[in-house]
Amino acid sequence: MTNWLYSMNLFQRLLLYFAIVIILPLIVVASIIYMQSSKILEKQTEDYLGQIVTNVSFQTDRFVKNYELATLPLVSNPNVKHFLDLEENNVKVEEHIRYQYYEEIWTMMDNIVMQKPEISKMYIMGENGRHIALRDRRSSFPEEKYHDLDTITPESGKIIIHPSNQNGNISITTARKIRGMKSFSPKGILAIEMRASELGKLWKEANLGNEGFFMIADPKGKVIYHPDARYIGKTLNKVGREQISKFNQGTFFDQWNNEPTFFHFLTSEYTGWKLIGAVPKSQLFAPIFGVRLTAVISAMIVIIIAFVLSVYFIRQTVKPIRLLERAMKTVEQGEWKNVPNILRNDEISSLLRSYNRMVDRLSTLVDQVYKAELNNQQVKIELQERELEKQKVEIQALQSQINPHFLYNTLETMNAYGIINEIEEISEIADALAGMFRYSVRNLELVTLADEIEHVKGYLIIHEHRIRKPINLILDIDPSLFDAPVVKLSLQPLVENAIQHGFRKSANEIIITIRTNIIGSCLHVCVIDNGRGIPNDRLIEIREFIKPDRKNKPELRSDLGIGVTNVNRRIQLLFGDQYGLDLNSRVNEGTTVSIVLPYQKAHSETDQPA
């Protein structure tokens, strides 16, 4: 990957950088918007389904309670209890008494039916085999009918609702047990059959779109109501069964009819049913598809416009640099060729003018060297060689100005174009890199602590853009020590070493602290990190290696810190073996590297004699 990148020319590389800077943020922003929209839409759908399911649950519970209240007079009526206590084939019971019970109970049942037109059948069945039926032509009820209702109806007398599917027709049966007069044990069952369409009206009020639906399941996941009668009696998938068995309310995604579907369920406190609202995933995310299409089209238009503008700006930058490149190649071949000046007043035009002046100066020097050789043929060989060497050194010094000067101006150009095009990252990186380069080529061994701090800040700017993660720099420095002399390029390698070796890629926060202390006649400049620390055996090895006595020591591995040993050795060469670096570290707590330098406190004005 790196070789492929380096094989590209400047135009291709700048175009690639512009493409990355433009496309990557678009992708990130679009992804964030899409994910947030999905979450918001899913939450809105969940709230909407919750409201619908809660409303239907309330209506259903109220419907059941109304029937419970409506049948309460029959359950507590003495005639009903006496009717259930009648013994089968008891000759002692006079026929007119049984008829009297029948007439009174039938009249009460008829009154209830008149108030509830949705009732299709109503009957009372006793364990003694007797029954009273309204709107049912059967002379007797089969024993399995009584047994089925007796099995699912609670002993407490609480009403239950039992949907059933008979040849595609859904009917609803409400039933509750009735006690006799002689004991507290249930002696019969009061049952009402009604048209499912009436109760279905409550459930069909759940408007869930063209493809959504509402259904009811028992606690085991068996469907007891569905708008499509084909699904009544079927069981939910494993995911649905686990969800409704563990929780009273919630949401989940599962397959329904071979399509991913979003489910929201609620448990009725009165009936114990699981009321479920379902919307296919395709319907749920349909609004997002339009947003995504609009975003893609807009992004493509922005990319095309940005690409055209990028090509134009890059060509304006690269064209004069290519002219300079071709001219420099002719200089390498010994031909002194100037480049045409461009009518601009920027860094690139200044670079071209500087190049032309340099070429003129070089050609003059070459002419002078040539004339010197002709005029001094009789001079001794040693003098000729010295003079020639002097001229060559001057030529090399001038030639060596080409690359730094070219790099300075190129970085300034990148900074200017970054500012013009409002690409702050390119501007910050170019400006920081230019400052670091100027600082590193300064012909000084000692600089002020303030200069070193500024160099570290420039390095951290570049490194933050590389790792895309903020680095917190804390300066705990006495203001009077900013002018203290320190070794050039001593802090930045230690900060770089701390970041490279002290933190994992997954570290949440990177904190670098630079602290100063005066201990005796020494200045201690400490670089402190909150990284993973150095294991004890490796810490001992590093300390052993940086001791002043370096005899008979093995070569230090690169993973133990090349920057540490380099800075330590330069300090010792400048000030002596009693100075250098000191390391302290604790695993998972951090590392402290101290630079120990000689320090002489300056006398303040208050210290001067009066």
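Hydrogens, waters and symmetry mates play no part in the numbers below; they use all other heavy atoms, side chains included. For reference, positions follow the sequence shown, starting with 1.
- Here the CD atom belonging to E454 is positioned 9.0 Å from the CZ atom belonging to F482, to the nearest 0.5 angstrom.
- Taking every heavy atom of both residues into account, E452 and V486 meet most closely at CG-CG2, 3.6 Å.
- In this structure, the side chains of F262 and T251 come closer than 4.5 Å at one or more pairs of heavy atoms.
- Within the 3.5 Å criterion, the main-chain N or O of L583 finds a donor-acceptor partner in the side chain of R543.
- A donor-acceptor pair under 3.5 Å is absent between the side-chain atoms of D529 and the main chain of A498, judged by distance alone.
- Between I511 and the choices I471, N472, I528, the side chain to side chain contact (heavy atoms under 4.5 Å, CB included) rule is met once, by N472.
- Here I499 contributes atom CD1 and L494 contributes atom CG; the two are 11.5 Å apart, rounded to the nearest 0.5 Å.
- Side chains of I514 and I474 form no contact here, defined as non-hydrogen atoms less than 4.5 Å apart.
- Summarising the geometry, atom OG1 belonging to T565 is positioned 9.5 Å from atom CD1 belonging to I542; distances are rounded to the nearest 0.5 Å.
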**Request:** With side chain to side chain contact (heavy atoms under 4.5 Å, CB included) as the test, would you mind laying out the steps for I453 and I477 before giving the verdict?
**Result:** CA-CA 10 Å; I453 294 296; I477 300 173; 3.9 Å; yes
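- Nearest heavy-atom pair across I595 and L491 is CD1-CD2, 3.7 Å.
- The closest side-chain heavy-atom distance from L481 to I518 is below 4.5 Å.
- Without hydrogens or angle criteria, E589 side chain to R532 main chain gives no donor-acceptor distance under 3.5 Å.
- Atom CD of Q243 and atom NE2 of H264 lie 12.0 Å apart (nearest 0.5 Å).
- Annotation for P535 and V587: closest pair CA-CG2, 3.9 Å, computed over non-hydrogen atoms.
- Side-chain atoms of K457 and L475, non-hydrogen and from C-beta on, do get closer than 4.5 Å to each other.
- Ring geometry for Y579 versus F575: interplanar angle over 60°, hence perpendicular rather than tilted (30 to 60°).
- Contact annotation: the side chain of V487 never approaches that of V567 to less than 4.5 Å [non-hydrogen atoms, C-beta and beyond].
- Residue N536 holds its CG atom at 9.0 Å from OG of S585, rounded to the nearest 0.5 Å.
- Residue R570 places its CZ atom among more than 12 non-hydrogen atoms of other residues, nucleotides or ligands, all under 6.0 Å distant.
- Although no hydrogens or angles enter the test, the distance criterion places a donor-acceptor pair under 3.5 Å between the side chain of N568 and the main chain of L581.
- Relative orientation of the F265 and F252 rings is tilted, given thresholds of 30° and 60° on the angle between their planes.
- Considering all non-hydrogen atoms of both residues, F253 and V239 come closest at O-CG1, 3.9 Å.
- Classification of R538 and E541 as a salt-bridged pair fails, no side-chain N sitting under 4.0 Å from a carboxylate O.
- Expressed to the nearest 0.5 Å, how far CD1 of I534 lies from CG of L539 amounts to 5.5 Å.
- P485 approaches L597 most closely through the heavy-atom pair O-CD1, 4.1 Å.
- For Q492 (side chain) and H455 (main-chain N/O), no donor-acceptor pair under 3.5 Å exists by modelled atom type.
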